[in-house]
2 protein chains.
Amino acid sequence: MSYATDLTETSASRAASTDTAPSQVHKPGQCTRANEVISLVGDKWSVQIVMLLGTGRHRFMEIKRAIEGISQKMLTVTLRGLERDGYVTRTVYPTIPPKVEYELTDLGLDLLEPLRALGSWALANHDRVVAARTAYDARAKAK
Amino acid sequence: MSYATDLTETSASRAASTDTAPSQVHKPGQCTRANEVISLVGDKWSVQIVMLLGTGRHRFMEIKRAIEGISQKMLTVTLRGLERDGYVTRTVYPTIPPKVEYELTDLGLDLLEPLRALGSWALANHDRVVAARTAYDARAKAK
DNA sequence: CAGTATCCGTTGCGATACTG
DNA sequence: CAGTATCGCAACGGATACTG
């Protein structure tokens, strides 16, 4: 499938249209490509870690302590994934005990912007979602 | 944990800071709240469906055909979730055969904006990610 | 400290069959 | 057409133990 995600497509241009006709531009394959990147957001921990690293360079254990609830295993796995995708760099200091620092790359810093936009939106609209959920569940319960 | 996602925090304000000190504002609980909403993005299909509905009202089978690879079950489940969270409305026309239409609510339309930003970013930076992955795998293979 | 390795329950999700 | 119900596998991800 493909939904219009062209850089030219503004949300304002659509906001007004209430017609039923799906007269948008559709280019197959765009979604697939977009999802390859977005799926990272789908990850339970990736977003949180990128956001945290947005505050600067951090050590492994620092991150673990900061991200409440993450297991050592998942932190390692997630960081590897982020490194592989080019979002973070991993710097090892061969000391005893070892010291490893993680930091966002330029790509990671770039990603931070749309991520922050989403985070802000989430925070701002959290209550509306919760309210919707409560209302829905109440209707469902009343059957 | 909590990373600074304050509406006041701009990406520019951080972009310049290269210091190691994590001297950001941290308010516990914000992440939890934000994640409650962002986890929707983590879903494999939700984003695609919201984006598609951004092009207008659609019937069940229309969506199924548009979202390549989705099963009937997952479409139903995902749409229910989106409805519960207040992103889409479900309108049933009690005809034979039945006709059900899905459409974004105001909340859903609002969400579209940060989602489109992310989608645009993903499309624009897809190649950088793929390049990073290839390079990483090459280094790993060379061991 | 920063991992790696193993076990193992839970969940996600597709395939299939059936219904109003 | 638009679902619901059931099965079954594969993955996700937590707990624990071990290592340089």
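To find a chain, count down the sequence lines: A is the first, B the second, and so on, and within it residues start at 1.
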Is there a side-chain contact between B:Ile49 and B:Val88 (heavy atoms, below 4.5 Å)? no
Ignoring backbone atoms, test whether A:Arg59 places a side-chain nitrogen or oxygen under 4.0 Å from the OP1 or OP2 oxygen of C:dA2. yes
Non-neighbouring partners of A:Ser71 that pass side-chain contact (heavy atoms from CB on, under 4.5 Å), sequence neighbours left out: A:Lys73, A:Met74
Strand contacts (DNA chain C) in residues 81-90 of chain A, 4.0 angstrom heavy-atom criterion: A:Arg90
What is the nucleic acid contact for B:Tyr93, judged by heavy atoms within less than 4.0 Å: base, sugar-phosphate only, or nothing? nothing
Salt bridge or not for B:Glu101 and B:Arg57, using N-O below 4.0 Å? yes
When you get a sec, tell me which of C:dA2, D:dC1, C:dC1 is the closest nucleotide to the side chain of A:Pro97? C:dC1
Non-hydrogen side-chain atoms of B:Thr78 and B:Asp43 separated by less than 4.5 Å: yes
Exam field: side chain B:Asp85 to backbone B:Tyr87, donor-acceptor pair closer than 3.5 Å: no
I'd like to check the side-chain contact (heavy atoms from CB on, under 4.5 Å) partners of A:Asp137; sequence neighbours left out, ordered by chain and number. B:Arg84
Measure the distance from CD1 on B:Ile49 to P on D:dA2 and round it to the nearest whole Å. 14 Å
Just how far, in rounded Å, is C1' of C:dG14 from CG of B:Leu75? 14 Å
Whole angstroms only, please: what is the NE2-P distance between A:His58 and C:dA2? 13 Å
Check whether any side-chain heavy atom of B:Met51 sits under 4.5 Å from a side-chain heavy atom of B:Val47, and report yes or no. yes
Can you give me the closest heavy-atom contact between B:Gly119 and A:Ile38, atom names plus distance? CA-CD1, 4.2 Å
Donor-acceptor pair, side chain of B:Thr105 and main chain of B:Gly86, under 3.5 angstrom: yes
Nearest nucleotide by nearest heavy atom, which residue falls closer to the 5' end of DNA chain D, A:Pro98 or B:Phe60? B:Phe60
Nearest to the side chain of B:Arg80, heavy atoms from C-beta on, is which of D:dT4, C:dC1, D:dA2? D:dT4
Protein-nucleotide distance (B:Glu101, atom CD; D:dA2, atom P), rounded to Å: 9 Å
Once pairs are restricted to Watson-Crick or G-U wobble with both distances under 3.5 Å, how does DNA chain C read as a dot-bracket string, [ ] for crossings and | for other-strand pairs? ||||||||||||||||||||
Less than 4.5 Å apart, any side-chain heavy atom of B:Arg133 and any of B:Tyr136? no
Could you work out, with salt bridge (charged side-chain N to carboxylate O under 4.0 Å, His left out) as the rule, every residue matching A:Arg80, not counting sequence neighbours? none
Under 3.5 Å between N/O atoms: give me all the protein pairs with nucleotides 11-15 of chain D, atom names plus distance.
residue : atom : partner : partner atom : Å
D:dG13  : N7   : A:Lys73 : NZ           : 3.2
D:dG14  : OP1  : A:Lys44 : NZ           : 3.2
D:dG14  : OP2  : A:Ser71 : OG           : 3.2
D:dG14  : O6   : A:Lys73 : NZ           : 2.3

